[in-house]
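Notes to accompany the following structure.
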Number of protein chains: 2
Amino acid sequence: MLVSYTEENYLKAIFALSRLYNDQEVSTNQISEHLKNKAASVTDMLKRLADKKLIDYKPYKGVKLTDKGKKTAVKVIRKHRLWEVFLVEKLNFKWDEVHDIAEQLEHIDSDKLIEKLDDFLGKPKADPHGDPIPDASGKFGVQKSVALSDASKRSALIVTGVSDHSTEFLQFLSNSGISLGNQLKIEEYNDYDRSITVKINNKRSLFLSHKAASNILVEIK
Amino acid sequence: MLVSYTEENYLKAIFALSRLYNDQEVSTNQISEHLKNKAASVTDMLKRLADKKLIDYKPYKGVKLTDKGKKTAVKVIRKHRLWEVFLVEKLNFKWDEVHDIAEQLEHIDSDKLIEKLDDFLGKPKADPHGDPIPDASGKFGVQKSVALSDASKRSALIVTGVSDHSTEFLQFLSNSGISLGNQLKIEEYNDYDRSITVKINNKRSLFLSHKAASNILVEIK
DNA sequence: GCCCTATTTTAGTCTAACCTAAAAATTTGT
DNA sequence: ACAAATTTTTAGGTTAGACTAAAATAGGGC
């Protein structure tokens, strides 16, 4: 069965949101904010996706992707990230220019094309933003930790370690309420002094200097 | 003003048909056959394209592209052919596999992408089928190819392209052992059904129906 | 010039994907 | 526990782009 451009975007949004919120059910409003359309339109589409067995949908209770829906979403993500690598490494785009173009290219429908592109690029493991590229079977490779200051904005992150082991820093973390295993999401990135605001476990917000952020290690969930 | 995927396909069809028929007005039926839509749907779309000043449309009298429409059509053709070069030269697709994929890629909307792709490919002058690639300003290089069915007997001819890009036809050519750059010479011309016999590279002889010959483009050596 | 045939347009439907406004269900606060 | 606030769904409308069936127009042959 064919999945439209628009349906793919909904599946991708649901996949991203469910990762962000600990694999919980995703609500209609979350999707509507993410895609910037009205909640009523989302309900409409959810019914269509449920008919196609791409999601499990119980009215008022949110949605989850089925295996079929997850497979479709992951494939779109694979295509998106491979195209981003192509744009940056082969066509010399800057990493912050490629998103909108990849947003279009990700919907090109040809399995043979994806695999040949993957070969051409040398089977890269991550895109230019550091986000992992799932393999042809849909598996994401093991994550390598990066500094929080280098992490990409849209992903859900897990605190895995620190690179400054001083008592002062560890105390600072403790006072700030950050500990190993916490989930972080970058909310804002200030170009001026490279400070950031993060949300911890989807609850509190916290301001962090670049210095602090550069010493916190995270991996993409 | 934005031009949709579907509108681009209509403009491309009108451009191709008007070239095929000496820049005359293109009829509703010609377009409907070319795109395999019903004539009523075509009329519908012609009105929309006329509203957007992409075509000149007089009911019952056929259509012509305006300068704006021609510019849009040529840009789509440029994109299509550049992507075909990419697919064949970089991703190692065979020349008869690329049409359907390029048909999707041609609608990706980013001027910067086209120009960077053009640079990456070394600003090619023709696609893998021998069709010329217009430059960024929309100019085609000189083209003097004619249909094999219209070529004169006895001259040495070089295969430069095809006018039917269907997989079926390209496969047929491949099976018949005809490829770009081959030298052909017309040996016999049968008035009854306008079929011909050609000699390929001064070696093998091959029988070709008028239909096949009319879709092979050659230039006089 | 007029009839016949082929082409083209009009009129009315359909579906996907959006929208607004109103109703229904759920969650929250006290 | 129940009223208020929030979220979600329903109902009904819009647009692009397709369709079928019927009406209008154009063009060729006599």
Side-chain angles (χ1 to χ4, degrees), chain A residues 1-14 17-18 20-21 24-65 69 72-73 76 103-104 106-107 109 202-203, chain B residues 1-14 17-18 20-21 24-65 69 72-73 76 103-104 106-107 109:
Chain A
M1 192 193 303
L2 61 332
V3 180
S4 76
Y5 185 110
T6 312
E7 288 166 345
E8 285 189 344
N9 279 337
Y10 273 88
L11 294 175
K12 202 171 49 132
I14 296 166
L17 290 166
S18 76
L20 224 49
Y21 297 102
Q24 308 250 308
E25 276 77 12
V26 175
S27 76
T28 302
N29 260 6
Q30 286 172 340
I31 299 169
S32 103
E33 274 169 42
H34 190 94
L35 295 178
K36 294 173 203 309
N37 42 19
K38 300 298 167 183
S41 311
V42 173
T43 302
D44 230 54
M45 177 59 90
L46 293 184
K47 286 188 204 155
R48 270 194 295 273
L49 293 174
D51 285 347
K52 291 190 173 186
K53 313 277 184 213
L54 291 163
I55 60 172
D56 287 325
Y57 169 55
K58 297 198 191 69
Y60 297 101
K61 298 295 184 183
V63 293
K64 276 193 124 164
L65 294 178
T72 308
V76 175
E103 205 72 10
Q104 298 180 60
E106 72 188 8
H107 301 292
D109 179 31
N202 292 317
K203 291 187 178 132
Chain B
M1 191 193 304
L2 60 331
V3 180
S4 75
Y5 186 110
T6 313
E7 288 166 344
E8 284 188 346
N9 280 336
Y10 273 89
L11 294 175
K12 203 171 49 133
I14 296 166
L17 289 166
S18 76
L20 221 52
Y21 298 102
Q24 307 256 307
E25 276 78 11
V26 175
S27 75
T28 301
N29 259 6
Q30 285 172 341
I31 298 169
S32 103
E33 276 169 41
H34 190 93
L35 296 177
K36 295 174 201 312
N37 283 341
K38 300 298 169 185
S41 312
V42 173
T43 301
D44 231 53
M45 177 58 91
L46 293 183
K47 286 187 203 155
R48 272 194 294 272
L49 294 174
D51 285 347
K52 291 191 173 185
K53 313 278 184 210
L54 292 162
I55 59 172
D56 288 324
Y57 169 55
K58 297 198 190 71
Y60 297 101
K61 298 296 184 180
V63 292
K64 276 194 122 163
L65 294 177
T72 307
V76 175
E103 203 72 9
Q104 297 180 60
E106 71 188 8
H107 300 292
D109 180 31

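How far CD of A:Gln30 is from CD of A:Glu25: 10.5 Å, rounded to the nearest 0.5 Å. The distance from atom OG of A:Ser4 to atom CG of A:Asp109, rounded to the nearest 0.5 Å, is 11.5 Å.
Here B:Glu103 pairs with B:Lys12 under the salt bridge (Lys or Arg N to Asp or Glu O under 4.0 Å) rule; sequence neighbours left out. For A:Glu8, the side chain to side chain donor-acceptor pair (under 3.5 Å) criterion is met by A:His107, not counting sequence neighbours.
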Donor-acceptor pairs are to be reported for all side-chain atoms of residues 35-47 of chain B against protein atoms at under 3.5 Å, with residues two or more places apart or in another chain.
from, atom 1, to, atom 2, distance (Å)
B:Asn37, ND2, B:Tyr10, OH, 2.8
B:Thr43, OG1, B:Ala39, O, 3.2

Show me the side-chain donor-acceptor pairs of residues 49-65 of chain A shorter than 3.5 Å, one per line, residues at least two apart or across chains.
from, atom 1, to, atom 2, distance (Å)
A:Lys52, NZ, A:Leu2, O, 3.1
A:Lys52, NZ, A:Glu7, OE1, 3.0
A:Lys52, NZ, A:Glu7, OE2, 3.0

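Of all nucleotides in DNA chain C having an atom under 4.0 Å from a heavy atom of chain B, the first and last in 5' to 3' order are C:dT7 to C:dT10.
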Next on the checklist: Walk along nucleotides 13-22 of chain D from 5' to 3' and tag each nucleotide B, S or - by protein heavy-atom contact under 4.0 Å, base first, then sugar-phosphate.
Outcome noted: ----BSBBB-
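To the nearest angstrom, C1' of D:dT9 lies 4 Å from OH of A:Tyr60. Here the C1' atom of nucleotide D:dT10 and the NZ atom of A:Lys47 are 7 Å apart, to the nearest Å.
Under 4.0 angstrom from either OP1 or OP2 of D:dT25 there lies no side-chain N or O belonging to B:Lys61.
Counting all heavy atoms, side chain and backbone alike, B:His34 lies closest to B:Leu17 at ND1-CD2, 3.9 Å.
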